[in-house]
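The structure appears below as structure tokens.
Worth saying up front: this structure is predicted, and the values here are computed from it rather than measured. Every chain is numbered from 1 and lettered A, B, ... according to where its sequence line falls, protein lines coming before strand lines.
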Amino acid sequence: MTIGIDVSSVFGEMVMCSATSDIVLKKMCYLYVGNYAKGNPDLSLLTINFLQRDCKDEDPMIRGLALRSLCSLRVPNLVEYLVGPLGSGLKDNNSYVRTIAVTGVLKLYHISPSTCIDADFPATLKSLMLHDSDAQVVANCLSALQEIWSLEASHSEEACREKESLLSKPVIYYFLNRIKEFNEWAQCLILELAVKYVPSDSNDIFDIMNLLEDRLQHANGAVVLATVKVFLQLTLSMTDVHQQVYERIKSPLLTLVSSGSPEQSYAILSHLHLLVVRAPFIFAADYKHFYCQYNEPSYVKKLKLEMLTAVANESNTYEIVTELCEYAANVDIAIARESIRAVGKIALQQYDVNAIVDRLLQFLEMEKDYVTAETLVLVKDLLRKYPQWSHDCISVVGGISSKNIQEPKAKAALIWMLGEYAQDMSDAPYVLENLIENWEEEHSAEVRLHLLTAAMKCFFKRAPETQKALGTALAAGIADFHQDVHDRALFYYRVLQYDVHVAERVVSPPKQAVSVFADTQSSEIKDRVFDEFNSLSVIYQKPSYMFTDKEHRGPFEFSDEVGNISITPEASSDIVPAQQYEANDKDLLLGIDEKDENKGVSNNNGSAYTAPSLESSSNITSQMQELAISGPATSATTPQSFGFDDLFGLGLSTAPAPTPSPPLLKLNARAALDPGAFQQKWRQLPISLTQECSVNPQGIAALTVPQSLIKHMQSHSIHCIASGGQSPNFKFFFFAQKESEPSNYLTECIINTSSAKAQIKVKADEQSTCQAFTTVFETALSKFVSLTFDFVSLCY
Amino acid sequence: MIDNGFPLTTEPSILKEMIAPPNLVSKMLSVVTGNASNVSDTLPSGAGSCVPWRPTDPKYSSNEVYVDLVEEMDAIVNRDGELVKCEIYGEVQMNSQLTGFPDLTLSFANPSILEDMRFHPCVRYRPWESHQVLSFVPPDGEFKLMSYRVKKLKNTPVYVKPQITSDSGTCRISVLVGIRSDPGKTIESITLSFQLPHCVSSADLSSNHGTVTILSNKTCTWTIGRIPKDKTPCLSGTLALEPGLERLHVFPTFKLGFKIMGIALSGLRIEKLDLQTIPPRLYKGFRAQTRAGEFDVRL
């Protein structure tokens with residue numbers, strides 16, 4: 001305001017000046033006072049007087065202005081002067097003043113929450129929100145209340161209830177019925193609120209959708225997107241309606257893409273991409289909307305290419321690939337590369353790739369270095385998936401001179417093909433020999449690694465022609481300064497020395513075609529991003545916890561559960577061994593075939609583990625009944641992983657056959673204690689025992705989420721009341737009850753997974769049996785390891 | 001206007017009332033009176049009304065309302081001369097200077113061709129749903145009443161036929177531009193621009209109509225204007241490639257520009273504009289215009 005110069009020294013004079021009747025001057029004075037009051041808390045007392053007087057002015061504009069400035073002083077010891085003017089401001093007959101008073105309450109809350117609550121402002125705001133005629137006042141009330149109550153909710157049950165009540169049916173319908181009166185900003189606020197509403201039945205859902213139908217035709221993109229989010233979230237449970245929603249939202253979103261600035265197009269396209277990944281069919285007929293226009297910026301084009309890949313299916317592949325091929329000759333090199341990659345991706349998704357392969361091979365004839373480079377990488381991937389095309393591809397690839405290829409990735413791909421199809425390419429050994437002779441000039445370690453492997457493979461197929469080249473390669477490799485190259489060369493050398501046939505089986509075993517390439521993003525992450533529809537998460541393509549600091553997460557975020565998403569037991573069980581194998585294969589870029597052998601071994605191990613748990617199935621039924629009884633308590637803590645973890649519990653309690661001597665203490669499997677009582681007891685009782693024990697590191701490795709341990713302890717009749725933390729530190733509160741009498745044991749357990757240590761604090765009603773309980777607890781904890789093994793056996 | 005991070009109002013008409021945009025009169029006034037502020041000293045009255053977009057009771061000596069149909073044609077023509085994509089994005093722009101609280105109804109002769117509409121908040125939703133008429137209380141001054149798309153058009157008014165042959169380091173290029181289907185009005189300001197590929201070292205282009213300019217960043221613009229009756233405009237010339245290159249591998253994309261006054265190419269026609277209460281000295285004006293949006297012709 002003052003070009004960075006500190007003018008706080010004239011504070012006194014400015015206060016005098018504020019008595020002016022000129023409104024423009026008054027505004028400037030207020031602005032000054034608001035800016036410098038924080039630095040001069042003593043002097044700002046002077047301003048109170050005239051601000052309070054102005055709050056009673058006849059002109060509503062001055063009343064509002066004075067009230068806003070009064071609340072913007074933000075000096076803690078002046079809050080007592082705020083309550084009166086705010087109270088009368090909330091009752092003012094002019095809506096402008098009320099609007100400002102409502103925001104003032106929020107400012108007051110941030111300076112001094114207790115003053116705000118004591119004056120009962122939240123309740124006033126609530127009645128104002130439900131009864132005021134002015135939409136802006138209502139909107140401000142809503143945003144202020146949301147903020148106040150969600151900050152209060154952490155320590156006040158009443159605020160928690162009030163916060164819930166915002167999501168009650170009457171309140172939501174009240175807002176939705178009035179939504180047309182609000183400005184765009186407030187409409188978005190209401191729509192955000194509606195997303196959180198849990199409808200009672202399908203009629204409820206349809207009512208809301210009917211109320212909001214016309215919002216989809218609003219001129220404002222933010223309102224449209226927020227409405228789309230409401231529609232999508234409401235119908236998640238109704239599959240057929242969900243499909244209709246996709247149909248309905250399609251054209252508004254497409255219009256938003258084609259009108260407006262490139263930045264807006266980009267944002268909307270990101271959302272469309274998210275939708276199309278969830279439901280590829282929806283845009284299958286509208287693929288032409290994603291054709292790139294010449295003048296669009298590259299970032300939009302890139303996203304459009306991704307869309308084209310995503311919407312490609314049997315019916316439109318031909319057109320899309322034709323279009324993509326036109327981009328390959330584009331002036332924009334980055335886009336040309338992307339479009340070739342897109343063609344490759346489509347080829348990998350599709351069943352009928354005949355035509356696409358032809359096109360790719362045509363790219364190779366274009367004689368542009370970047371086009372050739374990209375195409376080679378793609379042809380390599382295609383050959384891994386469709387070995388049957390090798391004949392056509394190899395004949396074209398064989399014609400490419402390796403001298404024209406500079407990019408390491410492309411070179412590596414070409415070398416891989418030379419090695420893999422050495423028998424079909426007459427001059428493969430000689431090309432390799434040439435490349436090996438230029439070993440010194442090859443700067444990329446990746447290419448050198450591939451050269452080694454290719455020379456080996458070629459040697460097994462055409463030994464006489466390759467022997468000399470292989471020798472040179474191994475010598476150069478062993479002398480290489482790069483550790484990996486050196487190690488691999490040495491390994492090849494020794495394995496050849498040991499037995500050539502073993503070497504062949506290690507380096508060049510018969511391969512099966514890759515059916516699916518691993519997806520880079522897990523479905524959990526995608527679901528999470530979908531939940532955060534209409535936010536930056538979609539643009540970044542990752543959920544908010546990955547790019548926001550903990551303290552900046554919104555008040556509605558439950559931070560602890562967030563970190564666990566990607567590593568829940570269900571997630572890992574989804575990955576079937578075959579896919580892991582492929583993922584591995586892809587990462588290592590085909591060279592290290594010995595990995596396959598290792599994988600095979602671990603697969604065998606896996607199946608070996610399954611055997612015992614199958615044998616023990618006879619015991620399972622009895623255990624099942626037992627667990628079914630303790631079921632309700634379990635589901636309360638961790639509903640999402642209930643069914644699956646039960647299986648662990650079963651395997652676990654039956655599998656370790658030589659159980660140590662029966663526990664001295666019988667615990668009640670159906671113990672119950674409510675959190676309040678636990679807290680009270682924990683405060684009252686003295687610590688009867690503190691102990692540190694080490695936990696089996698293998699078991700602890702599986703402790704990526706608290707739930708796994710909770711389930712485990714439950715099977716030992718030790719129940720969890722609260723848990724938290726993230727790897728490597730977890731904290732649990734457990735309780736247990738004696739079977740015969742209501743005597744409680746409370747335990748705090750802190751586990752550090754990196755040092756594999758657990759700290760236990762035990763408090764007990766009955767001091768005498770405390771030691772016995774600790775023994776039981778530790779035994780249970782030490783058995784946590786067996787769970788991992790059962791878990792592994794279930795995976796494989 | 002933002003208070004505590006929360007916007008107080010986002011309505012342009014109210015904001016304009018609060019702080020008047022500078023214009024010639026206010027500048028003159030501030031020079032003469034020495035009062036240099038555009039800040040109003042009264043609270044905008046529309047802030048509390050049920051039509052926040054409209055200031056209460058504006059007064060005009062002559063009442064005028066203008067409706068403009070402005071359409072943009074986006075199209076892609078591929079290498080084989082096929083129309084890959086052709087659609088129109090249109091807007092209904094209005095300028096209303098009406099006294100009091102007018103209630104307007106705008107109807108189209110053929111609303112069924114419209115694909116996806118988006119409305120200004122003033123448009124009532126139900127009348128559109130049931131009868132496809134736009135019923136609204138307009139904001140004051142200029143505003144965008146609605147926008148729409150019309151898909152799957154079969155024809156473009158202008159054709160572009162580029163040809164390129166390359167042989168031993170030089171390319172011959174020729175581009176023909178002509179009228180494909182006469183829209184009934186003159187097609188004006190036809191331009192064709194394209195980026196010469198990087199590998200072109202020099203270009204020698206000439207045309208039998210209009211002017212050709214090549215800028216230093218290798219952007220070539222051919223300004224045609226109107227198409228003459230007696231001949232077909234043709235751009236021709238040679239491109240010299242950089243040494244070592246035999247043929248051209250990267251092809252330019254031609255961007256076509258044109259403007260047609262007096263017609264909306266989508267075929268949308270305004271039927272009538274009714275006012276519930278007709279103010280004295282009312283003047284209603286309608287215009288239409290189509291221009292090229294993103295019109296790409298690939299080679």
Side-chain angles (χ1 to χ4, degrees), chain A residues 22-24 27 59-61 64 68 71-72 94-96 99-100 103-104 106-107 110 133-136 139-140 143-144 180-181 183-186 213-214 216-220 224 251-252 254-256 258-259 288-289 291 293-296 319 322-323 326 329-331 333 336 366-368 371, chain B residues 3-11 35-37 39-44 47-48 50 52 74 76 78-79 84-85 87 89 91 115-121 123-126 128-129 144 146-149 151 194-198 246-247 249-255 293-296 298-299:
Chain A
D22 185 274
I23 190 146
V24 178
K27 275 186 182 172
D59 186 354
M61 188 146 179
R68 179 187 302 150
C71 298
S72 305
N94 189 294
S95 63
Y96 175 71
T99 315
I100 284 168
T103 318
L106 188 57
K107 290 178 192 166
H110 284 299
S133 60
D134 186 84
Q136 189 61 47
N140 278 13
S143 73
K180 292 185 185 70
E181 300 167 29
N183 66 25
E184 287 89 353
W185 194 281
E213 172 94 35
D214 59 337
L216 287 174
Q217 296 191 318
H218 199 281
N220 185 299
V224 176
S251 78
L254 287 175
T255 308
L256 278 176
S258 49
S259 61
K288 282 186 180 171
H289 281 280
Y291 282 5
Q293 298 266 311
Y294 180 74
N295 263 11
E296 281 165 342
E319 283 83 7
T322 311
E323 178 75 12
E326 297 210 345
N330 200 298
V331 182
I333 293 177
M366 274 176 68
E367 294 170 33
K368 289 230 66 128
V371 175
Chain B
D3 187 14
N4 200 30
F6 192 78
L8 186 65
T9 174
T10 49
E11 195 54 58
N35 182 1
S37 162
V39 180
S40 94
D41 48 7
T42 49
L43 205 58
C50 60
D74 298 335
I76 298 176
N78 76 1
R79 225 166 267 176
V84 176
K85 169 186 157 182
E87 82 176 16
Y89 171 77
E91 286 180 359
E115 191 72 30
D116 179 58
M117 292 74 59
R118 295 202 294 139
F119 302 117
H120 187 277
V123 176
R124 297 186 190 100
Y125 186 63
R126 295 294 159 213
W128 176 262
E129 273 293 89
K144 186 169 95 183
M146 71 178 280
S147 63
Y148 56 89
R149 280 186 302 139
K151 280 202 292 191
F194 59 98
Q195 180 87 36
L196 292 172
H198 293 290
E246 278 288 299
R247 294 189 297 136
H249 292 297
V250 174
F251 301 108
T253 300
F254 299 91
K255 289 194 52 58
E294 294 281 334
F295 200 118
D296 292 355
R298 298 202 189 119
L299 188 71

Checklist line | Structural part of B:Lys151 lying under 4.5 Å from a heavy atom of chain A | finding: side chain
Notebook entry, point to check: Which residue, B:Ile76, B:Asn78, B:Asp296, forms the side chain to side chain contact (heavy atoms under 4.5 Å, CB included) with B:Lys85?
Noted result: B:Ile76
Check: Which answer fits A:Asn220, side chain, backbone, both or neither, if we ask what part of it has an atom under 4.5 Å from a heavy atom of chain B?
Finding: backbone
Check: Is the shortest heavy-atom distance from the side chain of B:Gln195 to the side chain of B:Thr253 under 4.5 Å?
Finding: no
Next item on the list: Verify the distance criterion only: is there a donor paired with an acceptor across the side chains of A:Gln293 and B:Asp74 at less than 3.5 Å?
Entry: no
Item checked: Largest heavy-atom contact set with chain B, pairs under 4.5 Å, which of A:Asn295, A:Asn183, A:Leu106 -> A:Asn295
Notebook entry, point to check: Side chain, backbone, both or neither: which part of A:Thr99 has a heavy atom under 4.5 Å from chain B?
Noted result: side chain
Next item on the list: Evaluate the side-chain proximity of B:Arg118 to A:Leu256: yes if any heavy-atom separation is below 4.5 Å, no if none is.
Entry: yes
Next item on the list: Give the member of A:Ser133, A:Pro252, A:Ala144 that has the highest number of heavy-atom pairs under 4.5 Å with chain B.
Entry: A:Pro252
Check: Does a side-chain heavy-atom distance below 4.5 Å link B:Arg298 with B:Pro252?
Finding: no
Check: Counting heavy-atom pairs under 4.5 Å to chain B, which of A:Ala135, A:Ser72, A:Ser143, A:Ala139 comes out on top?
Finding: A:Ser143
Next item on the list: Check side-chain hydrogen bond (donor to acceptor under 3.5 Å, both in side chains) between B:Tyr89 and all other residues, then give those that pass, not counting sequence neighbours.
Entry: B:Glu91
Next item on the list: Under 4.5 Å heavy-atom distance to chain B, tell me which part of A:Ser251 shows up: side chain, backbone, both or neither.
Entry: both
Notebook entry, point to check: Top residue by heavy-atom pair count (under 4.5 Å) with chain B, among A:Glu326, A:Lys288, A:Glu296, A:His218?
Noted result: A:Glu326
Next item on the list: Identify which part of A:Glu213 has an atom lying under 4.5 Å from any heavy atom of chain B, answering side chain, backbone, both or neither.
Entry: both
Notebook entry, point to check: Is chain A contacted by the side chain of B:Val123, its backbone, both, or neither, given a heavy-atom distance below 4.5 Å?
Noted result: neither
Check: Based on non-hydrogen pairs under 4.5 Å, which of A:Lys180, A:His110, A:Glu184, A:His289 is most in contact with chain B?
Finding: A:His289
Note to self: Within the 4.5 Å heavy-atom criterion, are B:Arg124 and B:Trp128 side-chain neighbours or not?
What the structure shows: no
Check: Under 6.0 Å from the CH2 atom of A:Trp185, do we count more than 12 heavy atoms belonging to anything else shown?
Finding: no
